[in-house]
Amino acid sequence: METVLIITEKPTACKRIAMALNDNGKLKEHSEKGVKYFEAERNGKKLILVSALGHLYTVAQDGDGWTYPIFKMVWKPSYEVDKSASNTKNFISVIKKLAKKADQFVNACDYDLEGSVIGYSILKYACGEESVKQACRMKFSTLTKKEIIKSFENMDSHLDFKMIEAGRTRHEVDWLFGINLTRALTLSLKRVSGLYKVLS
């Protein structure tokens with residue numbers, strides 16, 4: 001039986017999508033490392049639905065040091081960049097494990113710039129580059145059963161790369177602008193007053 005891994009943006013959406021798509025009896029719910037995921041069946045395919053917790057990956061400095069200006073960046077797991085995002089580590093771990101069982105991948109995150117970037121980054125970094133090439137895209141604006149089923153049965157056979165690039169660009173430009181302005185202001189204050197205080 002073909003296995004389809006469906007990535008959603010939030011845990012609540014994950015369960016609703018799983019319930020809507022399941023056409024074979026009771027929905028199976030699993031929990032691993034505090035991360036819930038669901039097994040469903042539709043049209044003879046096994047569906048595994050797992051959610052993100054918003055952004056599991058984010059832009060960060062490529063390398064160490066406090067240089068200015070800085071233009072080298074890389075996408076990293078959120079928990080490596082932000083201590084308050086430590087819970088994202090388990091989501092990434094579980095998704096990586098589930099990806100190994102999958103024959104097909106679907107981005108079912110919200111159909112907007114953020115959802116496109118969230119789904120893409122999970123597919124690329126947690127599921128592997130090959131998953132990006134073969135992934136499909138569900139598009140829906142509400143979580144009604146009728147719209148979810150319609151979205152699944154009529155999903156795009158590829159990801160929405162224009163939205164992905166627009167979203168990635170926005171994140172990268174925001175990061176470049178923010179980090180360089182912060183460092184410029186901080187160094188200026190130090191030169192003028194002798195004080196070292198980070199001005200964000």
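For the pair R137/Y111, a side-chain contact is recorded, criterion being any heavy-atom separation below 4.5 Å from C-beta on. Within the 4.5 Å cutoff, no side-chain heavy atoms of K124 are placed close to those of W75. F105 has its side chain out of reach of I122: every pair of non-hydrogen atoms, C-beta onward, lies at least 4.5 Å apart. Contact check for P77 versus Y125: no side-chain heavy atoms found under the 4.5 Å cut-off. P11 is not listed as a side-chain neighbour of K36, based on a closest heavy-atom distance of 4.5 Å or more.
Between A166 and L113, the shortest heavy-atom contact is CB-CD2, 3.8 Å. When all heavy atoms of C109 and I118 are compared, the closest pair comes out as SG-CG2, 4.0 Å. Listed here is the closest heavy atom pair of M163 and S116: CB-OG, 3.7 Å. Nearest heavy atom pair, residue R16 against residue I148, reads O-CD1, 4.0 Å. When all heavy atoms are compared, the tightest approach of Q104 to K45 is OE1-NZ, 3.7 Å. Across all their heavy atoms, V59 and V81 have their closest contact at O-CG1, 4.5 Å.
Cluster annotation: L53 is not connected to L49 through the hydrophobic network of ILVMFWY side chains, with a link wherever side-chain heavy atoms come within less than 4.5 Å. In the hydrophobic clustering of this structure, L56 groups with L5; members are Ile, Leu, Val, Met, Phe, Trp, Tyr whose side-chain heavy atoms approach within less than 4.5 Å, directly or through other members. By the rule that hydrophobic residues join a cluster once side-chain heavy atoms approach within less than 4.5 Å of another member, Y79 and V35 end up as members of one cluster. Criterion: ILVMFWY side-chain heavy atoms under 4.5 Å apart, direct or through other members. Under it, F161 and L123 are part of a common hydrophobic cluster. Residues V192 and L195 fall into different hydrophobic clusters, defined by Ile, Leu, Val, Met, Phe, Trp and Tyr side chains chained together at heavy-atom separations under 4.5 Å.
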Full working for side-chain contact (heavy atoms from CB on, under 4.5 Å) between I48 and V4: CA-CA 6 Å; I48 300 176; V4 182; over 6 Å; no
Walk me through it: do F91 and S51 pass the test side-chain contact (heavy atoms from CB on, under 4.5 Å)? CA-CA 8 Å; F91 280 80; S51 82; 3.8 Å; yes
Where do I92 and Y57 land on the side-chain contact (heavy atoms from CB on, under 4.5 Å) test, with the steps shown first? CA-CA 9 Å; I92 292 172; Y57 294 86; 3.4 Å; yes
May I have the step-by-step check of salt bridge (Lys or Arg N to Asp or Glu O under 4.0 Å) for E147 and K150, ending in yes or no? CA-CA 5 Å; E147 187 161 356; K150 182 181 176 183; over 6 Å; no
Check step by step if side-chain contact (heavy atoms from CB on, under 4.5 Å) holds for R42 and E153. CA-CA 10 Å; R42 184 161 198 88; E153 291 179 349; 3.3 Å; yes
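Checked by atom type and distance alone, the side chain of S93 never pairs as donor or acceptor with a backbone atom of K89 at under 3.5 Å. No side-chain donor-acceptor contact under 3.5 Å links S193 to the backbone of K190. The backbone N or O of T67 sits less than 3.5 Å from a side-chain atom of R183, completing a donor-acceptor pair. Judged purely by atom type and a 3.5 angstrom limit, S151 has no side-chain atom pairing as donor or acceptor with the backbone of M138.
For the atom pair K46 NZ and D103 CG, the distance stands at 10.0 Å (nearest 0.5 Å). To the nearest 0.5 angstrom, T88 atom OG1 is 9.0 Å from E80 atom CD. Expressed to the nearest 0.5 Å, how far OG1 of T186 lies from OH of Y68 amounts to 10.5 Å. Between atom OH of residue Y37 and atom CG of residue L47 there is a gap of 14.0 Å, rounded to the nearest 0.5 Å. One finds the CD1 atom of I179 at 5.5 Å from the CD atom of Q61 (value rounded to the nearest 0.5 Å). Here the straight-line distance linking atom CZ of F140 with atom CZ of F152 works out to 12.0 Å at 0.5 Å rounding.
Checking L159, I164, T8 one by one against N107, the side-chain contact (heavy atoms from CB on, under 4.5 Å) holds for a single residue, L159. Applying the side-chain hydrogen bond (donor to acceptor under 3.5 Å, both in side chains) test between K139 and each of N154, D156, D160 identifies D156 as the sole match.
Between D110 and K10 there is a salt bridge, with a side-chain nitrogen of the basic residue lying less than 4.0 Å from a carboxylate oxygen of the acidic one. One finds no salt bridge joining E41 and K28 here, because no Lys/Arg side-chain nitrogen approaches an Asp/Glu carboxylate oxygen to under 4.0 Å.
Within 6.0 Å of the CE atom in M19, the count of heavy atoms belonging to other residues, nucleotides or ligands does not exceed 12.
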